[in-house]
Amino acid sequence: MPELAEVAYYCGCWASGKGAPIKEARINSNVRCVRGLDTKSLIEQLLGRALLSWRTHGKRMLFEFESGLWLGAHLGMTGSLAIRSLDESLEKHDHLALYTDAGWLVFNDPRQFGKLEYYNCPDVPEFWSKLPPEPMIPEFTPDHFASILKRRSKAPLKSLLLVQDLFPGVGNWMADEILWKARIRPDRNAHSLDPREAKKLYRSIRFVCRGALKHIAPNYSDPPRTWLFQHRWKQGGICPRTGEPLERIEVGGRTTCWSPAWQA
DNA sequence: ATGCATGTTACATG
DNA sequence: ACATGTAACATGCA
């Protein structure tokens, strides 16, 4: 589920727990999400400390707790965050649960492709400030984009858009949305783009990232029906621009939805 | 039962 | 070393 904007939404789900000291911490130490983690130490460190701040970068989330404890989270394919009220019980796959006066802050992930990490440092961990620019910010310039296209000229554009070091936060539905909006076939490669198409693709990336954040991040509402988003998974889905059937193909090992009459 | 899933990565291949 | 492709991971749902 979670891509750029869904991650931003889930990241905010613990907000009402801000400032509330953690009175109890539980971690399922036998799930894939915490493999290699010293869960005993993490639990000890969480106790008594309150959540101070949170931020996202692409599909990553980072939570700051008191006294220089930072909890990193990735939601994988099926992860989510929530607060469970104190009178309801925890749910299956609540792999991390932090008891506070505001409720249980939980990390839930049935498929366990998500990941939790922690860091001890007074300020934001070093690696965080070195992450590549997200597509919607000013630092993601046309020149930066051009250098990506030049360096990775042979991969199908659909695959390229999914590389997190290049387009942090873009996932399967966003990549399809971007290419549909730009009217470019998903199996084209960067080498085949003329300057006009490259410019169109750049603008589409920015439009989709910003639009997703605007529509989805505040309360998980769907983007408008003018987007491919609302049509892409339906059986017999119709392209909102042409009225013709959407098609599904596999590109770079991922299911890809596109509109043959619309994308060239 | 079968096939598939909005993600990442270790490993294989060119 | 670099770019790209494939399998594997663990669970739920149609």
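Computed from a predicted structure; not experimentally measured.
Atom pair A/Trp173:CH2 and B/dC4:C1' shows a separation of 20 Å (rounding to whole Å applied). The CZ atom of A/Arg151 sits 5 Å away from the P atom of C/dA3 (whole-angstrom rounding). Taking atom CE on A/Met77 and atom P on B/dC4, their separation rounds to 13 Å, with Å as the unit. Atom NE2 in A/His74 sits roughly 11 Å away from atom C1' in B/dT6 (whole-Å rounding). When rounded to the nearest whole Å, the span between CZ of A/Arg248 and P of B/dC4 equals 10 Å. Atom CD in A/Glu117 sits roughly 9 Å away from atom P in B/dT9 (whole-Å rounding). Note: CD (A/Glu250) to P (B/dA5) measures 8 Å, nearest angstrom. Rounded to a whole Å, the CD atom of A/Glu91 is 14 Å from the C1' atom of C/dG12.
A cation-pi arrangement is absent between A/Arg232 and A/Trp173 under the rule of less than 6.0 angstrom and at most 45 degrees off the ring axis.
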Show your reasoning for whether salt bridge (charged side-chain N to carboxylate O under 4.0 Å, His left out) applies to A/Glu126 and A/Lys130. CA-CA 7 Å; A/Glu126 187 93 11; A/Lys130 292 179 179 168; 3.6 Å; yes
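Of the side-chain N and O atoms in A/His93, none sit less than 4.0 angstrom from OP1 or OP2 of C/dT11.
Put simply, the side chain of A/Arg111 and the base of B/dA5 share a donor and an acceptor less than 3.5 Å apart.
Counting only distance, with no hydrogens or angles, the side chain of A/Arg206 and the backbone of A/Pro135 share a donor-acceptor pair below 3.5 Å.
When the nucleotides B/dG7, B/dT6, C/dT4 are ranked by their closest atom to the side chain of A/Thr255, B/dT6 comes out on top. Side-chain atoms of A/Gln112 lie closest to C/dT11 of the nucleotides C/dT11, C/dT4, B/dA5. Comparing B/dG7, B/dT6, C/dT4 against the side chain of A/Lys154 picks out C/dT4 as the nearest.
Residue A/Gly252 is the one, among A/Gly252 and A/Arg35, whose nearest nucleotide of DNA chain C lies closer to the 5' end (criterion: closest heavy atom).
A/Gly253 comes within contact range of no nucleotide atom at all, as no heavy-atom separation falls under 4.0 Å. Among the atoms of the strands shown, none is found under 4.0 Å from any heavy atom of A/Lys115.
As rounded to the nearest Å, B/dT8 and C/dC13 have C1' atoms that lie 22 Å from one another.
Pairing each heavy atom of A/Glu134 with each of A/Leu4, the nearest pair is OE2-CD1, 3.8 Å.
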What pattern of brackets, bars and dots sums up DNA chain C from 5' to 3', given Watson-Crick or G-U wobble pairs under 3.5 Å, [ ] for crossing pairs and | for another strand? .||||||||.||||
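Using the six-membered ring where Trp is involved, A/Trp104 and A/Tyr99 have ring planes that are perpendicular, over 60° apart on the 30 and 60° scheme.
Ionic pairing of A/Glu197 and A/Arg188 is present here: one or more N-O contacts between side-chain nitrogen and carboxylate oxygen are shorter than 4.0 angstrom.
Residue pairs meeting the salt bridge (charged side-chain N to carboxylate O under 4.0 Å, His left out) criterion with at least one partner in residues 28-48 of chain A, sequence neighbours excluded, are A/Lys40-A/Glu44.
Aromatic stacking is not marked for A/Phe113 over B/dT8, as the cut-offs of 5.5 Å for the centres and 30° for the planes do not both hold.
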